[in-house]
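So the structure is just underneath, and the comments pick up after that.
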Amino acid sequence: CGGGAGILAARSQPAQPAPPPAPAMPRKNPKVGFVSLGCPKALVDSERILTQLKVEGYDIVGSYDKADLVVVNTCGFIESAVQESLEAIGEAMAENGKVIVTGCLGKRPEEIRAAHPGVLAITGPQDYSSVMSAVHEALPPKHDPFTDLLPAPRRRRKDDGMIEGVGLKLTPKHYAYLKISEGCNHRCSFCIIPSMRGDLVSRPVDEVLREAEKLAMGGVKELLVISQDTSAYGVDLRYAPRTWRGREYQTRMTDLARGLGELGLWTRLHYVYPYPHVDDVIPLMAEGKLLPYLDVPLQHASPRVLKAMKRPAAAEKQLERIQRWREICPELTIRSTFIVGFPGETEEDFEQLLDFIDEAELDRVGAFPYSPVTGAKANELPDPVPEALKQERLARFMELQAEISAGKLERKVGTVQTVLVDAIDGELAIGRTRGDAPEIDGTVQIQDGAARKLKPGQFVEVEIMGADEHDLFGLVAR
């Protein structure tokens, strides 16, 4: 009773001004950690997810202990990549505990759940909306993008990786990947990409060109055009015409190349299958509109093995094409990848491959022993090659290619090459010539780079003083 009387008494007193409310503690931005695995196409997916996270007010952090949750963008192309992805998920679970999985391995959720049953959500590749929905559920944004009329204003930092009109980029500021399509219409027997990423879906050519233009305005010096099959670009859209800068361009590789050539950037074409219309872009390289560089995944040289692989353009006379390309553009650099030890590969097939490599003298080559991929039709083929024989053939292949590469690079000694600087490492500047893509090709070690105060993203003329089978060494040209 006494307590009640006291309350009543208090209410009967003359009204007093209410004390000012305590200032509300500012709500901190939710923090997300991000692990990106796999190929450049997966990297672009990561950039798109991270861009949306930043737009919605999430902070991106670089350590597990600072993150409220972690997103892992996985790869599932070959078994070694699957294992790497599962290990990355396991590490994130152990270090943080709140994990969302996306990417190619997300197409095999039962495998992820079997290894890591505690993950919060699993989505497939390029399923950005599902990733964001899972993040919203586990870690609601400070700003609600679905109910707030306008996004909360945010102050941009110069070093936040964002490019106006494009989004966040995970590459260094001076180069960027430009993804022109998703998926693939081919059904190569060793590949499961179509089952993970679907059939070819091309972006309209004007959309791609506008993105490239914005990247150029944002300071990008080099564009790396990527897809699953760059040569097939636009076939699903029936090469629909679109307008950019007052001119009409068809949604096809050749017109896209012409448009990109107008930007004055280093433009590098990757994943180009050797279809006849590829011949039409070689003159653009000779004119300096595109970098004289083609990434052509040939995979083998034996017609019998190529047929078993169900490779497109298997009937093309590859050596004749390469010779014709070099006649038009003598500076052309050709990179390719090959598989050794494919099921049924005989010694005669392998010798054909070595003969091809010896005659073609490709500039940059990657080779891999055949690895069974869950769901690939090639697993059903007869006569698997023993693992020891695969490794022996791989060693012979790489020994021959090392000799070819060393000889080609040795011919550049004494020349002056235009180099794009990627990094400063002690006294050295590390850069690349027009014939070298980042991460996968060789480099130029500029011995006096630091002394010359070179910076990443800078073009410089370098006199080549030496070479090995992978890299070049030189000094800034006087």
Side-chain angles (χ1 to χ4, degrees), residues 40 43 169-178 215-216 219-226 263-270 272 285-286 288-296 325-326 329-337 360-367 398 401-478:
L43 185 73
K169 309 305 290 184
L170 294 175
T171 50
K173 295 178 181 179
H174 57 279
Y175 70 81
Y177 293 103
L178 183 67
L215 287 168
V220 167
K221 307 289 183 64
E222 177 182 12
L223 293 174
L224 300 107
V225 178
I226 58 171
L263 294 174
L265 305 176
W266 273 18
T267 299
R268 198 179 299 278
L269 300 181
H270 288 270
V272 178
M285 297 178 181
K289 296 287 189 178
L290 302 175
L291 285 179
Y293 181 99
L294 274 183
D295 173 19
V296 187
W325 293 343
R326 285 172 170 159
C329 183
E331 294 185 349
L332 178 65
T333 294
I334 300 176
R335 136 168 286 280
S336 191
T337 51
E361 288 198 329
L362 302 178
D363 302 85
R364 299 294 189 187
V365 170
M398 294 310 297
Q401 179 56 36
E403 293 177 6
I404 294 169
S405 178
K408 299 204 80 166
L409 291 177
E410 184 65 30
R411 292 174 215 161
K412 294 184 178 180
V413 174
T415 67
V416 174
Q417 300 286 326
T418 301
V419 173
L420 177 58
V421 178
D422 282 331
I424 305 300
D425 183 6
E427 297 180 355
L428 303 177
I430 309 299
R432 294 174 290 110
T433 70
R434 299 190 300 168
D436 297 300
E439 306 292 339
I440 56 175
D441 292 331
T443 62
V444 180
Q445 297 183 17
I446 307 171
Q447 308 298 304
D448 56 347
R452 291 300 195 100
K453 295 181 171 31
L454 300 182
K455 296 179 180 179
Q458 180 179 349
F459 287 105
V460 62
E461 299 298 306
V462 177
E463 183 177 359
I464 304 303
M465 314 297 289
D468 60 21
E469 66 268 28
H470 299 295
D471 302 314
L472 298 170
F473 311 91
L475 298 168
V476 176
R478 302 291 179 181

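Quick note: residue numbers are just sequence positions, from 1.
- Annotation for E331: atom CD does not count as buried by contact number, only 12 or fewer foreign heavy atoms lying within 6.0 Å.
- Residues that satisfy the side-chain contact (heavy atoms from CB on, under 4.5 Å) test with Q458, not counting sequence neighbours, are L454, K455.
- Stacking of R432 on the aromatic ring of Y175 is recorded, both the 6.0 Å distance cut-off and the 45° axial limit being met.
- Note on D363 versus R326: salt bridge recorded, some NZ/NE/NH1/NH2 to OD/OE distance being below 4.0 Å.
- Contact check on D436 versus R364 returns a salt bridge, with a Lys/Arg side-chain nitrogen under 4.0 Å from an Asp/Glu carboxylate oxygen.
- Every residue was checked against the salt bridge (Lys or Arg N to Asp or Glu O under 4.0 Å) condition with E427, not counting sequence neighbours, and none meets it.
- Annotation: salt bridge (Lys or Arg N to Asp or Glu O under 4.0 Å) contacts of K412 (sequence neighbours excluded): none.
- M465 and V413 make their closest contact through O-CG1, 3.7 Å (heavy atoms, listed as atom of the first residue, atom of the second, distance).
- Here the shortest heavy-atom pairing between A450 and G426 reads CB-O, 3.4 Å.
- When all heavy atoms are compared, the tightest approach of L265 to V220 is CD2-O, 3.3 Å.
- Q401 contributes atom CD, which lies 9.0 Å from atom CD of E361 (distance to the nearest 0.5 angstrom).
- Contact between H270 and A437 at its shortest, heavy atoms only, is CE1-CB, 3.7 Å.
- In this structure, L420 and H174 have side chains that are in contact, with non-hydrogen atoms separated by less than 4.5 Å.
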